[in-house]
Amino acid sequence: MKKVVNNETVAHLWANEQQSEANSPNRSFYFCYDTIFSYGSHFPIAKHITNSKGEKAILFTTRSYSNTTAKHISDTLHAIPYKESIIYCINPNFNPSENLSKWDLDITAIFLKLAKAKKPEKYLAELSNINDQIKKYCSFMGVEIPEAIKVRLEITTKAESIDAVNKANEIKAANE
């Protein structure tokens, strides 16, 4: 079993769970058991996971960093044999509440841009994409989507965004 291999092989070995560890010659791309990393344990790209129902999936990061990390992400994505098993999230090593908190921050940032946008379609599309990610992630992980996030993700127009922000803030304040 070779442990030092090229980047594509690192990704392939991890994606197909063929061995417990391997790394690139410069050690910038590696995996250990179920998680594959770029440049260290601070940047997990993806993780094999089994939920409480025994269903298997791959949690895959939506983050990016450098050009080299983007290449590692691409190599990993292309090595996964069944794309339908991918569930996107902020950080594969975060627990659900941490991922949901980060999504909440991302949604807030999008709402701030949406409020000023002359062409809101881009930001509405981003919200729709995040909504799809959150629904799939929470369904797989067996957790409820927080009401404050649900409210903000139901908007379909720029005008609704202001009302959604106010309602979400009221829900957050009531829960604290």
Side-chain angles (χ1 to χ4, degrees), residues 11 14-17 34-38 42-66 69-172 175:
W14 172 83
N16 293 286
E17 300 178 276
D34 60 0
T35 308
I36 190 164
F37 302 93
S38 180
H42 67 281
F43 200 98
I45 295 172
K47 179 178 186 172
H48 291 279
I49 188 168
T50 304
N51 68 9
S52 61
K53 298 175 191 171
E55 301 165 325
K56 290 185 172 209
I58 294 171
L59 297 183
F60 203 97
T61 189
T62 57
R63 298 180 306 152
S64 62
Y65 192 71
S66 66
T69 294
K71 178 73 170 116
H72 294 162
I73 289 169
S74 176
D75 288 343
T76 303
L77 187 59
H78 287 98
I80 298 170
Y82 301 103
K83 302 298 186 249
E84 67 273 2
S85 68
I86 298 172
I87 298 173
Y88 291 94
C89 61
I90 306 290
N91 186 328
N93 280 344
F94 278 179
N95 66 41
S97 65
E98 290 172 312
N99 269 312
L100 287 164
S101 291
K102 291 295 255 175
W103 266 313
D104 193 31
L105 292 173
D106 289 350
I107 292 165
T108 300
I110 293 168
F111 268 109
L112 292 173
K113 293 174 188 173
L114 180 61
K116 300 174 189 174
K118 291 186 177 161
K119 295 185 179 181
E121 297 79 17
K122 173 185 174 185
Y123 303 109
L124 293 170
E126 284 181 41
L127 289 171
S128 177
N129 185 41
I130 289 173
N131 190 15
D132 293 343
Q133 290 172 5
I134 291 173
K135 283 180 180 177
K136 189 172 180 180
Y137 177 83
C138 288
S139 174
F140 181 81
M141 299 301 279
V143 297
E144 288 290 319
I145 301 171
E147 196 61 37
I149 291 177
K150 272 187 200 176
V151 166
R152 290 186 295 154
L153 290 175
E154 290 173 356
I155 71 132
T156 57
T157 67
K158 180 179 174 178
E160 290 175 334
S161 68
I162 296 167
D163 293 335
V165 168
N166 292 334
K167 187 171 181 182
N169 288 338
E170 288 172 13
I171 291 168
K172 277 185 178 179
N175 289 335

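The figures here come from the full heavy-atom set of this structure, side chains too, leaving out hydrogens, waters and symmetry mates. Because the structure is predicted, anything quoted here is derived from the model rather than measured.
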A.B. asks: State the OH-NE2 distance between Y65 and H42, to the nearest 0.5 angstrom.
C.D. replies: 6.0 Å

A.B. asks: Side chains of I45 and F60, heavy atoms from C-beta outward: is any pair under 4.5 Å?
C.D. replies: yes

A.B. asks: Quick check: closest heavy atoms across P92 and P44, and the distance to 0.1 Å?
C.D. replies: CD-O, 3.7 Å

A.B. asks: Under 3.5 Å, is there a donor-acceptor pair between the side chain of S128 and the main chain of L124?
C.D. replies: no

A.B. asks: What residue pairs, at least two apart or across chains, pass side-chain hydrogen bond (donor to acceptor under 3.5 Å, both in side chains) with a residue in residues 107-123?
C.D. replies: T108-R152

A.B. asks: Just how far is it from atom CD1 of I134 to atom CG of L100, taken to the nearest 0.5 Å?
C.D. replies: 6.0 Å

A.B. asks: Side chains of I90 and Y137: does their closest heavy-atom pair fall under 4.5 Å?
C.D. replies: no

A.B. asks: For T50 versus F140, what's the shortest heavy-atom pair and its separation?
C.D. replies: C-CZ, 4.4 Å

A.B. asks: Keeping N91 on the side-chain end and N99 on the backbone end, is there a donor-acceptor pair under 3.5 Å?
C.D. replies: no

A.B. asks: Please round to the nearest 0.5 Å and tell me the distance separating atom CD1 of I73 and atom OG of S66.
C.D. replies: 8.5 Å

A.B. asks: Can you tell me how far the CD1 atom of I145 sits from the CG atom of N131, to the nearest 0.5 Å?
C.D. replies: 6.5 Å

A.B. asks: What's the spacing between W14 CH2 and K47 NZ if we round to 0.5 Å?
C.D. replies: 11.0 Å

A.B. asks: Which atom pair, heavy atoms only, marks the closest approach of L77 to Y88?
C.D. replies: CD1-OH, 3.7 Å

A.B. asks: For a quick test of reading the model, state the closest non-hydrogen atom pair linking T61 to R63 and the distance between them.
C.D. replies: OG1-N, 3.0 Å

A.B. asks: Taking the six-membered ring for Trp and the single ring otherwise, decide whether the centroids of F43 and F37 are under 6.0 Å apart.
C.D. replies: no

A.B. asks: Counting distance only, does the side-chain N/O of S74 pair as donor-acceptor with the main-chain N or O of A70 below 3.5 Å?
C.D. replies: no

A.B. asks: Shortest non-hydrogen contact from A15 to A79?
C.D. replies: CB-O, 3.3 Å

A.B. asks: Is there a side-chain contact between M141 and I49 in this structure, where contact means two heavy atoms from C-beta onward sitting under 4.5 Å apart?
C.D. replies: yes

A.B. asks: Can you tell me how far the NE2 atom of H48 sits from the OG1 atom of T35, to the nearest 0.5 Å?
C.D. replies: 8.5 Å

A.B. asks: Less than 4.5 Å apart, any side-chain heavy atom of I130 and any of T62?
C.D. replies: no

A.B. asks: Under 4.0 Å between a side-chain nitrogen and a carboxylate oxygen: does that hold for K71 and D75?
C.D. replies: yes

A.B. asks: Verify the neighbour count for atom NZ of K102: are there more than 12 heavy atoms of other residues, nucleotides or ligands below 6.0 Å?
C.D. replies: no

